Protein chains: 2
Amino acid sequence: MRSDIEIARAATLKPIADIAASIGVPEEALQPYGRFIAKIEPDFLREAGADRRDGKLILVTAINPTPAGEGKTTTTVGLGDALNRIGKKAIVCLREPSLGPCFGMKGGAAGGGHAQVVPMDAINLHFTGDFHAITSAHNLLAAMLDNHIYWGNALGIDQRRIAWKRAIDMNDRALREVVVGLGGPSNGFPHEDGFDITVASEVMAAFCLAADIDDLERRLGRMVVAHTYDRKPVTAADLKAEGAMSALLKEAIKPNLVQTLEGTPAFVHGGPFANIAHGCNSVVATRAALKLADYVVTEAGFGADLGAEKFFDIKCRKAGLKPAAAVVVATVRALKMHGGVAKDALGIENLAALKAGLANLARHIANIHKFGVPVVVAVNRFTADTEAELDLVRRAVGERFGLTAVACDHWARGGAGAEPLAHAVAALADAGEGQFQPLYPDELGLWDKTRAIAREIYGADDVVADHAVREKFRALDAAGYGALPVCVAKTQYSFSDDPSRLGAPTGFTVTVKDVRLRAGAGFVVAQMGDIRTMPGLPRRPAAERIRVVDGEIEGLF
Amino acid sequence: MRSDIEIARAATLKPIADIAASIGVPEEALQPYGRFIAKIEPDFLREAGADRRDGKLILVTAINPTPAGEGKTTTTVGLGDALNRIGKKAIVCLREPSLGPCFGMKGGAAGGGHAQVVPMDAINLHFTGDFHAITSAHNLLAAMLDNHIYWGNALGIDQRRIAWKRAIDMNDRALREVVVGLGGPSNGFPHEDGFDITVASEVMAAFCLAADIDDLERRLGRMVVAHTYDRKPVTAADLKAEGAMSALLKEAIKPNLVQTLEGTPAFVHGGPFANIAHGCNSVVATRAALKLADYVVTEAGFGADLGAEKFFDIKCRKAGLKPAAAVVVATVRALKMHGGVAKDALGIENLAALKAGLANLARHIANIHKFGVPVVVAVNRFTADTEAELDLVRRAVGERFGLTAVACDHWARGGAGAEPLAHAVAALADAGEGQFQPLYPDELGLWDKTRAIAREIYGADDVVADHAVREKFRALDAAGYGALPVCVAKTQYSFSDDPSRLGAPTGFTVTVKDVRLRAGAGFVVAQMGDIRTMPGLPRRPAAERIRVVDGEIEGLF
């Protein structure tokens, strides 16, 4: 079996100008990065698509992830390819991969098998430099903050209350907690600090939710980075940092166009964490795609409890997007894990466990219906799946929801393996049954929003928090942030805040340990559990196997 | 008067393919980054120029820098433009700017006035991402080092003897001295650490001296990053990091082609510090330029005591380059400062001070002659310069050395203002009088090499060091590193190690405070004085004035 990079390298790519032309983007509107990657100029996008209706937005989401794997990115790519194969005009929108995981355990994040975006090595490494620009903007603000204190601290910043850490696009546990400013007066004032991986930076979240560079500058200026000795918030604008940060991000915010292995145009742009941020590609890219195609297939991070909820309640709400349909990806293997099967027994047919595990899928379907978005279930096939198992999934979904569950084979066969899914999705989107509405209204208080998500989406009995955290919620409401949506940071493995509770747990409460304002991103983060914002490398990092041989990168997977 | 960015923006740039075509590089050999920047593929460069003699290499260097400014980069650009104007085929080779100074005091580093490389905003900000790639490679190694210790430390690394800091392309004094790995067992072992600015990274130096990506991988593998408990060196190869680092640098090492305001092709590639590293653009770019043009004009950092000496003894020695001529840039203002005039009195004619200050210029000329390289003096004109002053410089240089001193006006007038200089330089280079030889032979011991530089170049009576440092020199010789050249880290403001001793001081010794092996770069650093490897931001950082207005960057200068 060929590895992802072998399959990717064997592909014949079309010049990016040809891909652009296929969606009506002229060569003058392209800013090329090599032959197969280009950014699209905002001047063109501002005018584009004025004479036509926006395309239909299709979200690919999933059941709660398990170590068995679901294949959300591959399904997004495969569905895009399949839509084009059946004569529809589709664009795929994905997040950009982070360098960190690439050198750690996970490897690349550009799809896999015959459902990939290419050139995969470039996309996985520096790509167009967007994440480096975000890292630089983030760290410029940190440097300007410490520099302000060093030169007399006119704003009266309390260095014990600095809320802005530094960022690096690397898995590096040693940087999680550090002390900076050591070494004497010429190096500033010592204080506790830490590095988040770039995808966890608020700059990334703001970048992905901004309408354009001007909106981004305003968002950056609003970010709260510290408090003064008399407890007043200090923003990036107080430090006069937002202009230079925007200058660093001026090129980055232009969406990146690449292609799938089958030549489907793909926007790969932005990539915020799906826990402490909202986990979707940029609004700029999604809007661009909707102007240029009839169907836009995009994904959101983690399972639907986190990914779809945030996609709907944060991204779609704020960007005015109306998704036409959602695809929930499941695998027989993962459903069996949700039904209690251990990882090493997943290859064995087990209808009872599968049936139990279907409760996880069922709750996600019901949840998405609460947003008024119609659903198709995609069963991403693995070789060990039996016909009886696939049939059980089909029947369960059909009987309970009257929905279609379509088996897919895009990993092995490319778009051809997702044609039945494409027919089902297109029919559903074209039927126009979607009546999108967010879960809660803007004017609901922050605590009540959090409770609504916990009850309606997670199935929790209630949400709890200690007195100090409840006070923080009240203070944020009182300070005028009550209209923001809530971004929950929680384990992705369970509906609950306990990663070991698979399936569809009931009879639990979730605990909010902290709540943080992200005024630039435009949400508050309700933290349920301890969320790592800086991963570590494994015992044998993937980096040890990567090298350049005859000018080509080997060992990236 | 228009600012640099206003002049740059008003220019009409040629498509980069046209610039490439003018030096025989076909479009297939280009990897474009937008319309006006491209990398050149190594496959093309490997074959290029086989049917012709290499071009002539011309170094632009200077007297010791003063706050009055000399204009070495503008002279390099202006001379390149002027050579093309007088019918020669010339390419300019420059270092890439660092982001740090751009947001600090200094502003951009792409020339100035009518002698600039463009697009200046892109070159000054992320450009082709080379520095980000170098930063990432540097920090991946740091993460893999800490990760190795975390997972059992099979190599027995003594965390008190970690010699590999982290890197960031930012002026940030708070990161000079830090403690990492705090917060408990899951974050690793706490140890002292610090961040160098990226241009000070050994990865940068190795990158700039490497012949190609394979040579770079070998160099990276040789870098010593720590010592074990039994004092054995640990290299990047021991950590299996050099392959992934090379993968990160695979695109970066391809030279970047841009143009000057007058359309002269310019390679802008690599940018190591001129104190703890050798301060020249990449060997890859210089070699490429020599294959493609008849004259290649390049610069080296700081004054000739540091810049030219390292260019000759490190870069030319190791890359087998034979410079044909050197241009020493001086200004009447700076010479007057070397003659004792205060900065605010530089606008007043002062022939006595100028005469005294010429001693600085004279020593640099004599030094360059020791390398067998013929010299032209370029007097970069300022409006306050009087004819009597310019005449004094011309006569002094003529009488003492029989050399030409040519007044230049490229800042105000572009290449036209440097045509007389171009004629002088071309004549000198074409005469073939250069007999380049390094200052010292490879086989001289490291201490004796350092002494040779101090005596022959700086005019010091001797070089001194305490017992421990002398022992380190001996140990390096004994460990087989004796054949490496010496890279002196010293103040750039004086021939001595005391920045206040301007002119041509005599009767002094220089003190080596420490010596460090840079096995990947391929030199040892003899540290004379305290050299900052992480700058700070000034009270009013340039960043406060930078912003994006109507899609264009304002405030960059």
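Reckoned from all heavy atoms, side chains included, excluding hydrogens, waters and symmetry mates. Bear in mind that the values here come from a model prediction, so they are computed numbers and not experimental data. Below, read A as the first sequence line, B as the second, and so on, with proteins coming before strands; counting in each chain starts at 1.
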Report the option among [options] that has the most heavy-atom pairs separated by less than 4.5 Å from atoms of chain A.
options	answer
Pro42(B), Gly34(B), Gly183(B), Ala122(B)	Gly34(B)
Ile149(B), Leu249(B), Leu140(B), Asp214(B)	Leu140(B)
Pro32(B), Ala247(B), Ala143(B)	Pro32(B)
Ser136(B), Pro541(B), Gly129(B)	Ser136(B)
Gln31(B), His132(B), His191(B), His148(B)	His132(B)
Lys39(B), Glu177(B), Lys240(B)	Glu177(B)

Less than 4.5 Å to any heavy atom of chain A: does that hold for the side chain of [X], its backbone, both, or neither?
X	result
Asn171(B)	backbone
Leu99(B)	side chain
Ile37(B)	neither
Ala133(B)	both
His126(B)	side chain
Arg166(B)	side chain
Glu242(B)	side chain
Pro190(B)	neither
Leu125(B)	side chain
Ser186(B)	both

Check your understanding: Is it the backbone or the side chain of Asn147(A) that comes under 4.5 Å from a heavy atom of chain B, or both, or neither?
Key ->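 Both parts, backbone and side chain.
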
**Study point:** Residue Tyr150(A) versus chain B: region with a heavy atom under 4.5 Å
**Key:**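 Answer is side chain: those atoms of Tyr150(A) sit under 4.5 Å from chain B.
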
Looking at [options], which one has more heavy-atom pairs under 4.5 Å with chain B than the rest?
options	result
Gly243(A), Gly536(A), Gly188(A)	Gly243(A)
Asp146(A), Leu30(A), Val549(A), Leu248(A)	Leu248(A)
Arg539(A), Glu251(A), Met170(A)	Arg539(A)
Asp550(A), Leu182(A), Thr128(A)	Leu182(A)

Exercise for review: Test Arg173(B) against Asn187(A) for side-chain hydrogen bond (donor to acceptor under 3.5 Å, both in side chains), laying out the working first.
Suggested key: CA-CA 5 Å; Arg173(B) 69 172 65 74; Asn187(A) 296 352; over 6 Å; no

Point to revise | Closest approach of Ala543(B) to Ala244(A) (non-hydrogen atoms, all atoms of both residues) | key: O-CB, 3.3 Å

Practice item. Measure across Arg35(B) and Glu27(A) and return the closest heavy-atom pair with its distance rounded to 0.1 Å. Key: NH2-O, 2.8 Å

**Study point:** Backbone N/O of Leu537(B) and side chain of Trp151(A): donor-acceptor pair under 3.5 Å
**Key:** yes

Review point. Once the angle between the rings of Phe195(A) and Phe195(B) is folded into 0 to 90°, is it parallel (under 30°), tilted (30 to 60°) or perpendicular (over 60°)?
Key: parallel

Point to revise | Leu175(B) and Asn139(A), any side-chain heavy atoms less than 4.5 Å apart | key: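 Answer no - side chains too far apart.
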
Point to revise | Met144(B) side chain near Glu544(A) side chain, heavy-atom distance below 4.5 Å | key: yes

Point to revise | Reported CE-to-CD1 distance for the pair Met245(B) and Ile546(A), which is rounded to 0.5 angstrom | key: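 Separation between the atoms: 13.0 Å.
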
